[in-house]
Amino acid sequence: MVGCGRLGWPRRRGRLAGAVVSGLLLVPLNALGAGSASAVPGLVEDPASLVNPLIGTAGSVNTFPGPDMPFGMLQWGPDTSPHRAYGGGYEYRDSRISGFSLTHLSGPGCRAAGDVPILPVTGRLPGNPGEATSGFSHAHEHTGIGYYGVTDTAGITTELTSATRAGLGRFTFPRGADSRLLLKLGGGATQVDGTRARAVGNHEVVGAVDSGHFCGAKNRYTLHFDIRFDHPFTGSGTWAGGAGRPKGRAPGAGGMYLTFDTRAARTVTAAVGISYTSDANAVQNLQHEVRGHGFDGLRQRSHDAWNRVLGRVRIGGGSHDQQVQFYTALYHALLHPNVFSDVNGQYAGMDGRTHTLAAGQRAQYANYSGWDTYRSQAQLMAMVAPRTAGDAVTSMLNGYDQTGLLPKWAQNNGESYVMAGDPAAAIIAGTYAFGARGFDTAHALEVMVRQATEPNADRPGEAVRAAKGYLPADHTTWGCCNFYGPVSTQLEYDTADYALATMAKSLGRHGTYTRFAARAQDWRNLFNPGTGYLQARLADGRFAPGFTPATAYGFIEGTSAQYTPMVPFNLRALIAARGGPRAYGGYLDSLFTDLRKPSGTNADLGNEPSLGIPWQYDYLAQPWKTQALIRRIQQTLYSNTPAGTFGNDDLGAMSSWYVFSALGMYPETPGTDILVLGSPLFPRAELSLGTGPGRTLRVNAPQARADAPYVRALEVDGRAWDRSWISFGALRRGGSLDYALDTRPHTDWASSPDSVPPSDATGQRETHAIGRTARHHR
């Protein structure tokens, strides 16, 4: 969930032997730990056909139902009125469409994008394009991979499909001479700083809009567009606000209209190309990606492209709804970041200049909801699309080379500074840990260290933290860049430091590892042994008065009760500090009394800081509790409905959590390759890992059912496994995880102290002295 703070509102090799009979795989008894053999269902052949883009279009999830390519630049889709959802633009309960805009973001918690809405109308020209809407019903709406179609109450049918940087729209009007397309140039979802458009002959319109201002910030971008029609328009004009004007350029918050004669041919097809670099590049993008492809051909290309990426995670069994939920979540997790470079390799840099891709980089990417996506979306992308993930990291490094900053919450080629911490470190380290390469790792580490140690706008609190060992809640001179929530921010710095340390260790930089893993332990300076919670501290060393576990003072989009578990890199120390496993287990139990209605003392599973908490029973050698809880969350908070996700999806953050949970694993500690284990939702899954040809990870759980979440036994590559975790490094060349599941808890599996996931205590000695100071001032 994005909240704007002061800017605005608020992870022995071998293949399992088996025989194939009539298309079913018969798995050996010893691999299942069961009493009889089980026939494993076939894998889904066409995952793209199972995607339901309407999931997440209600309940403030803020996804969008329009067509998109994997990581595509263009997202041409409907915006609804009056509730135009943040980022996604579409609210399922609305009954009117205000336009079909060219850009969207999936699931943010602030207004964004929605550039150049296009609305088909008939009859009299509306006096103000901003007020023009069309009624519609879901009964006359159709969605799917690569396609959106709707017939409005005036009888106009709009159909959309897309390539990566371009798309096609078919508008079928009633017969008549006054069929129009309104180009609502000033109708973006955020402040529009300027617009321009001009007709080129009677078949083409070229223009641009200047916008940005994500979450009320000062970031800016320019979207260039080229629209070409298969029919000539018989008239055109512009608005300067309310009234129509003669043909010309459209300034400010105005728009442009085009009139078509549809008495003989009712369907007008529009080809649209966009670019963030130039008009000429928008033209080139259109010509390269649309030429030679009709509407149905382009739609099929989109379907095929999605099957290539979704097909890297194939599941078998489960209900139809479960399969739809899974592949829709995987789809939503792979919409962002977005291709930002044009077909000629040019892109708008973070410095406002035009740059060209370096040798080896296939595309520049943009849109990093860092605070949200570092927890599991980046790791999932690295597993499923490692080349894309590598290019995305290169894109981040390009931004640093241009401005001296890694992205925090960067929209297009502008930084908004929304949310807290230094999430780029965890994104880069997590991407590396989960198999993506294809970027300059030495440069990446160098950049991460600089950003963690030198003054910069992404970490405006670092100097104060270095001086005092914590971020005081009453400090007021942070300098810039949306600093707030000092307790949450310090935890984010700690997470970033540990992620950096882990990558340094992987690269053989052990001194850097020790330095930053030690610094990450300063969460202890905010831990109050008297209450057992992380709390805000004042500049004089005292903990802030008036504390309750439900207090939000010093926290971002959460409370002390929700944030205290956010020490995933040293849960062993946190558990000990709170009185040991039994006491910590009781604390975890108290956080899940009501999944649907999070309170100050309940976990908020619709927001990112709480997403790792359900997996922490594994660290108490009580994995059966994690198994049961994850299944309850899946069944309670996720469904094949418009409100079938809980909380803002935040560019795939919540969706990636669901994908990992359905596979029975989760990357609990950002920057590491540790996967803590739950239990698989499906009897069968196969992951084609991008770490090399033929590297497939098979997850078999023949007894998987909605009411059978409990692990009775697990084998890894044919050997008994009695731990509630595994490293991705052990799986990256492929292999098998074979589960035996049950409807009742098996408290003997992974229940010894040696079975729990790793929890690093590096730096414990260095921080104890500071911790004693914190206790002294309690």
Side-chain angles (χ1 to χ4, degrees), residues 1-2 47-48 50-81 83-94 97-98 100-115 138 141-150 160 162 189 214-215 302 306 309-310 321 324-338 367-369 372-373 376-377 380-381 411 605-608 611 637-659:
M1 181 181 299
V2 170
L50 291 167
V51 171
N52 176 10
L54 288 173
I55 292 178
T57 57
S60 299
V61 185
N62 300 343
T63 61
F64 63 88
D68 199 352
M69 286 283 276
F71 313 105
M73 179 187 289
L74 180 82
Q75 305 90 26
W76 199 356
D79 300 314
T80 61
S81 176
H83 296 106
R84 192 176 191 176
Y86 293 159
Y90 179 101
E91 169 53 57
Y92 189 83
R93 56 197 168 123
D94 283 347
I97 290 176
S98 59
F100 299 90
S101 57
L102 304 181
T103 61
H104 293 91
L105 290 178
S106 183
C110 288
R111 298 192 184 280
D115 300 301
H138 298 302
E141 180 182 51
H142 304 278
T143 64
I145 284 283
Y147 180 81
Y148 177 86
V150 64
L160 308 172
S162 69
F214 176 73
C215 226
S302 178
W306 275 109
V309 65
L310 297 177
D321 280 349
V324 168
Q325 290 168 234
F326 180 85
Y327 279 115
T328 303
L330 184 56
Y331 165 81
H332 282 144
L334 301 177
L335 289 171
H336 304 290
N338 304 98
N367 297 325
Y368 295 91
S369 181
D372 309 289
T373 60
S376 58
Q377 189 272 342
L380 180 62
M381 181 170 67
Q411 182 193 18
L605 296 171
N607 209 6
E608 285 76 6
L611 293 182
L637 303 181
Y638 294 83
S639 62
N640 182 16
T641 64
T645 308
F646 197 60
N648 301 154
D649 197 41
D650 286 323
L651 283 63
M654 312 304 282
S655 290
S656 61
W657 184 95
Y658 183 84
V659 171

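As the structure is a prediction and not an experimental result, all values here were calculated from the model.
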Exercise. Parallel under 30°, tilted from 30 to 60°, perpendicular over 60°: which one fits the rings of Trp306 and Tyr331?
Worked result: tilted
Problem set entry | Asn62 CG to Tyr86 OH distance, which is reported to the nearest 0.5 Å | 8.5 Å
Exercise. Any side-chain heavy atom of Pro67 sitting closer than 4.5 Å to one from Tyr147?
Worked result: no
For this session: Answer yes or no: is there a side-chain heavy-atom contact under 4.5 Å between Tyr658 and Thr645?
Result: no
For this session: Verify side chain to side chain contact (heavy atoms under 4.5 Å, CB included) between Leu611 and Met654, making sure each step is shown before the conclusion.
Result: CA-CA 8 Å; Leu611 293 182; Met654 312 304 282; 3.8 Å; yes
For this session: Verify side chain to side chain contact (heavy atoms under 4.5 Å, CB included) between Phe71 and His336, making sure each step is shown before the conclusion.
Result: CA-CA 5 Å; Phe71 313 105; His336 304 290; 5.8 Å; no
Problem set entry | Ring centers of His83, Tyr90 separated by less than 6.0 Å | no
Run the side-chain donor-acceptor check on residues 51-60: report pairs under 3.5 Å with partners two or more places apart or on a different chain.
residue, atom, partner, partner atom, Å
Asn52, OD1, Leu54, N, 3.1
Asn52, ND2, Asn640, OD1, 3.0
Thr57, OG1, Leu54, O, 2.7

Exercise. Rounded to the nearest 0.5 Å, what separation is found between the OG atom of Ser106 and the CG atom of Leu334?
Worked result: 11.0 Å
Exercise. Shortest non-hydrogen contact from Pro78 to Tyr148?
Worked result: CG-CZ, 3.5 Å
For this session: Could you list all the side-chain hydrogen bond (donor to acceptor under 3.5 Å, both in side chains) pairs where at least one residue sits in residues 67-79, not counting sequence neighbours?
Result: Asp79-Arg84, Asp79-Ser101, Asp79-His104
Problem set entry | Closest heavy-atom pair and its distance - Leu105, Ala112 | CD1-CB, 3.6 Å
Problem set entry | Value rounded to 0.5 Å, distance of OG in Ser81 from CD1 in Ile97 | 10.5 Å
For this session: Output, in order, the C-alpha distance, side-chain angles, deciding distance and verdict of side chain to side chain contact (heavy atoms under 4.5 Å, CB included) for Ser302 and Ile145.
Result: CA-CA 7 Å; Ser302 178; Ile145 284 283; 4.2 Å; yes
Problem set entry | Euclidean distance, Leu50 CG relative to Asp321 CG, rounded to 0.5 Å | 10.5 Å
Problem set entry | Beyond-backbone contact of Leu380 with Val659, side-chain heavy atoms, under 4.5 angstrom | yes
Exercise. Stepwise, does the side chain to side chain contact (heavy atoms under 4.5 Å, CB included) test hold for Tyr638 with Trp657?
Worked result: CA-CA 11 Å; Tyr638 294 83; Trp657 184 95; 3.8 Å; yes
Exercise. Atom NE2 in His332, atom CZ in Phe64: separation rounded to 0.5 Å?
Worked result: 7.0 Å
Exercise. Have Ser656 and Ser376 got a donor and an acceptor in their side chains that come within less than 3.5 Å?
Worked result: yes
For this session: Any chance you could measure Glu608, atom CD, to Thr373, atom OG1, to the nearest 0.5 Å?
Result: 9.0 Å
Exercise. Hey, mind stepping through Asp649 and Ser655 against side chain to side chain donor-acceptor pair (under 3.5 Å) and telling me if it holds?
Worked result: CA-CA 6 Å; Asp649 197 41; Ser655 290; 2.9 Å; yes
Exercise. Below 4.5 Å, heavy atoms only, C-beta onward: do Pro108 and Ser369 meet side chain to side chain?
Worked result: no
Problem set entry | Among Asn367, Thr103, Leu74, Leu651, the one residue meeting side-chain contact (heavy atoms from CB on, under 4.5 Å) with Asn338 | Asn367
Exercise. Would a distance-only check, ignoring hydrogens and angles, find a side-chain to backbone donor-acceptor pair under 3.5 Å from Glu141 to Val150?
Worked result: no
